[in-house]
Enquirer: 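Below is one structure. I have some questions about it.
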Amino acid sequence: MEALAVYGGSPNISSHLHGGRLERNGSLSCAQKLSLRTQYLSSFHPSSLLSCSPLLNHVKIRTKKSKTHIFLPHLVASMEDVEETYIMVKPDGVQRGLVGEIISRFEKKGFLLKGLKLFQCPKELAEEHYKDLKAKSFFPKLINYITSGPVVCMAWEGVGVVASARKLIGATNPLQAEPGTIRGDLAVQTGRNVVHGSDSPENGMREIALWFKEGELCQWKQAQASWLRE
Ligand code: IDP
Ligand code: MG
C-alpha cells in the first residue's frame with residue numbers, strides 16, 4: 001500500500017503547475033495525450049493564474065459553461081475508454097474524519113488509485129482549479145473553504161471513471177443528492193459538500209496535472225484486474 005501513496009506536498013504553486021506528468025490511455029492515442037498534456041503544462045506561467053491564459057485556447061481544454069447540479073447526465077460512462085479523474089476530499093471531509101470512507105467508495109467500486117496525498121492548497125491553486133466559477137458570488141467563499149485546511153488529493157483511473165465517480169459523489173447540493181451517494185450520505189450543504197470530482201475526461205487530465213507533480217503518480221497493475229474486467 002505504501003507504494004501507492006505520496007504524502008505531503010509543496011505549497012509552491014509554481015512547481016505544481018510546472019510539474020504534471022505524461023502518460024497514456026483513453027481514446028486519444030498515446031502521442032495525442034502526450035501532446036495535449038505537454039501543451040497544457042508548457043502553456044502555464046504563474047502570471048496566467050489570475051486570468052485565463054490565451055496560450056490555453058489552442059489546447060481545447062473543455063470548460064464548463066453552465067452550472068450543473070447533478071452529475072452531468074450527458075456525460076455517459078464510456079464502456080471502452082480508460083480515463084483518469086481527479087477526486088479530492090475537501091477540508092470538511094478531512095476535518096470530519098471521512099477520508100477513509102470516501103476513498104473506500106472508489107476502491108470498492110474497482111477503480112485504480114494512481115495518486116494520493118494530504119495537501120494544504122495555496123490560494124492561487126484553488127483559484128486556478130475553480131477558475132470557471134470566478135464570476136459566481138460564492139467564489140470568494142469557495143476559495144476560503146478549499147484553503148481552510150488540508151485536502152486529500154487523488155488520481156483514479158478506470159473505464160468510464162469520470163462519469164462513474166460523479167455518480168458515486170452525487171449532486172452538488174447534498175440535500176438533492178441520492179442516498180447511497182457520498183454527498184447524499186455524508187453532507188447537508190452545497191458549501192460543505194465534502195468531495196470534488198472532475199466533470200469531464202479533459203478536466204480529469206487538466207486537474208491531475210494541476211494538483212500532482214511529476215513522480216507523485218504510480219503506474220501499477222491491480223492484482224484483482226482480471227476479476228474486475230473480462
Ligand atoms: P460540483 O462540485 O458538483 O462539480 P460545481 O458547480 O462545479 O459543482 O461547483 C464547485 C463547488 O462550488 C461545489 O462543489 C461547491 O463546493 C461550491 N458551490 C457551488 N455552488 C455553490 C453555491 O451556490 N453556494 C456555495 N457554494 C457553491
Ligand atoms: Mg464542478
Side-chain angles (χ1 to χ4, degrees), residues 40 49 52 56 59-78 83-99 101-103 105-106 109 111 119-156 158 160-212:
Y40 178 72
L49 292 176
C52 188
L56 292 180
V59 182
K60 308 267 185 238
I61 296 288
R62 206 194 76 171
T63 55
K64 194 165 68 170
K65 294 280 186 284
S66 59
K67 185 167 181 173
T68 307
H69 288 281
I70 312 202
F71 24 86
L72 301 181
H74 64 274
L75 187 63
V76 177
S78 163
E83 304 165 345
E84 297 171 335
T85 193
Y86 176 66
I87 302 294
M88 177 170 70
V89 182
K90 295 178 177 179
D92 49 334
V94 176
Q95 294 288 350
R96 293 177 53 206
L98 299 174
V99 172
E101 165 81 31
I102 292 171
I103 292 176
R105 304 263 178 139
F106 299 95
K109 178 73 176 170
F111 293 125
F119 180 66
Q120 176 62 52
C121 173
K123 188 168 181 250
E124 293 83 358
L125 178 57
E127 288 174 345
E128 176 60 27
H129 175 80
Y130 283 121
K131 64 183 179 185
D132 291 350
L133 300 174
K134 200 163 191 172
K136 300 289 183 186
S137 58
F138 59 80
F139 186 74
K141 274 194 342 186
L142 174 60
I143 300 306
N144 282 342
Y145 165 43
I146 296 302
T147 58
S148 64
V151 296
V152 171
C153 311
M154 289 176 270
W156 289 91
V161 69
V162 174
S164 180
R166 296 283 292 189
K167 287 191 174 186
L168 290 171
I169 288 170
T172 304
N173 181 342
L175 293 181
Q176 291 170 5
E178 294 296 325
T181 65
I182 295 170
R183 288 169 174 168
D185 288 348
L186 305 175
V188 291
Q189 204 185 19
T190 302
R192 294 287 183 272
N193 60 5
V194 301
V195 64
H196 164 84
S198 306
D199 63 8
S200 68
E202 292 81 5
N203 273 337
M205 287 176 61
R206 180 186 88 91
E207 292 169 3
I208 289 171
L210 205 52
W211 289 85
F212 285 96

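For ligands, and for the atoms within them, numbers begin at 1 and follow the listed sequence. The first residue of the sequence shown is numbered 1, and numbering continues consecutively from there.
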Enquirer: Could you tell me if any non-hydrogen atom of R166 lies under 4.0 Å from any atom of ligand 1?
Expert: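 Per 4.0 Å heavy-atom rule, R166 contacts ligand 1.
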Enquirer: Between E202 and R206 (salt bridge meaning N to carboxylate O under 4.0 Å), is one present in this structure?
Expert: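 Answer for the salt bridge query: no.
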Enquirer: Measuring only between side-chain heavy atoms, which start at C-beta, is L175 closer than 4.5 Å to Q189?
Expert: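 L175 does not reach Q189 side chain to side chain.
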Enquirer: Under 3.5 Å, is there a donor-acceptor pair between the side chain of R183 and the main chain of I169?
Expert: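 No; judged by distance alone, with no hydrogens or angles, the pair does not exist.
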Enquirer: May I ask you to test the K136-Y130 pair for a side-chain heavy-atom distance under 4.5 Å?
Expert: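 Answer no - side chains too far apart.
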Enquirer: Identify, by atom number and element, the atoms of ligand 1 in contact range of L133, meaning under 4.0 Å from any of its heavy atoms.
Expert: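 Matching atoms, with element in brackets: 9 (O), 10 (C).
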Enquirer: Tell me whether the rings of Y86 and W211 are parallel (<30°), tilted (30 to 60°) or perpendicular (>60°).
Expert: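 Rings of Y86 and W211: parallel, as their planes differ by under 30°.
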Enquirer: Check each heavy atom of R183 against ligand 1 and say whether those closer than 4.0 Å belong to the side chain, the backbone, both or neither.
Expert: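 It is the side chain that touches ligand 1; the backbone stays farther off.
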Enquirer: Can the ring centres of W156 and F106 be said to be less than 6.0 Å apart?
Expert: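 Ring centres of F106 and W156 closer than 6.0 Å.
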Enquirer: For ligand 1, which atoms have a heavy atom of T172 less than 4.0 angstrom away?
Expert: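 That gives atoms 1 (P), 3 (O), 8 (O), 13 (C) of ligand 1.
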Enquirer: Before accepting this row, confirm whether a basic side-chain N of the pair E127/K123 lies closer than 4.0 Å to the acidic partner's carboxylate O.
Expert: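 Yes, this pair counts.
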Enquirer: Suppose I only count heavy atoms of N193 and a 4.0 Å limit; which atoms of ligand 1 are within that range?
Expert: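 Heavy-atom distances to N193 below 4.0 Å select 13 (C), 14 (O), 15 (C), 16 (O).
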Enquirer: Could you tell me whether some N/O pair between T190 and ligand 1 is separated by less than 3.5 angstrom?
Expert: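 T190 vs ligand 1: N/O contact under 3.5 Å present.
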Enquirer: Which one holds for H196 and ligand 1: side chain close, backbone close, both close, or neither close, with close meaning a heavy atom under 4.0 Å?
Expert: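 No part of H196 comes within reach of ligand 1.
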Enquirer: Can you name the atoms of ligand 1, numbered from 1 with element, that are less than 4.0 Å from a heavy atom of Y130?
Expert: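 Going through ligand 1 atom by atom, the ones under 4.0 Å from Y130 are 10 (C).
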Enquirer: Any atom of ligand 1 sitting under 4.0 Å from a heavy atom of K136?
Expert: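 The answer is no, since K136 has no heavy atom less than 4.0 Å from ligand 1.
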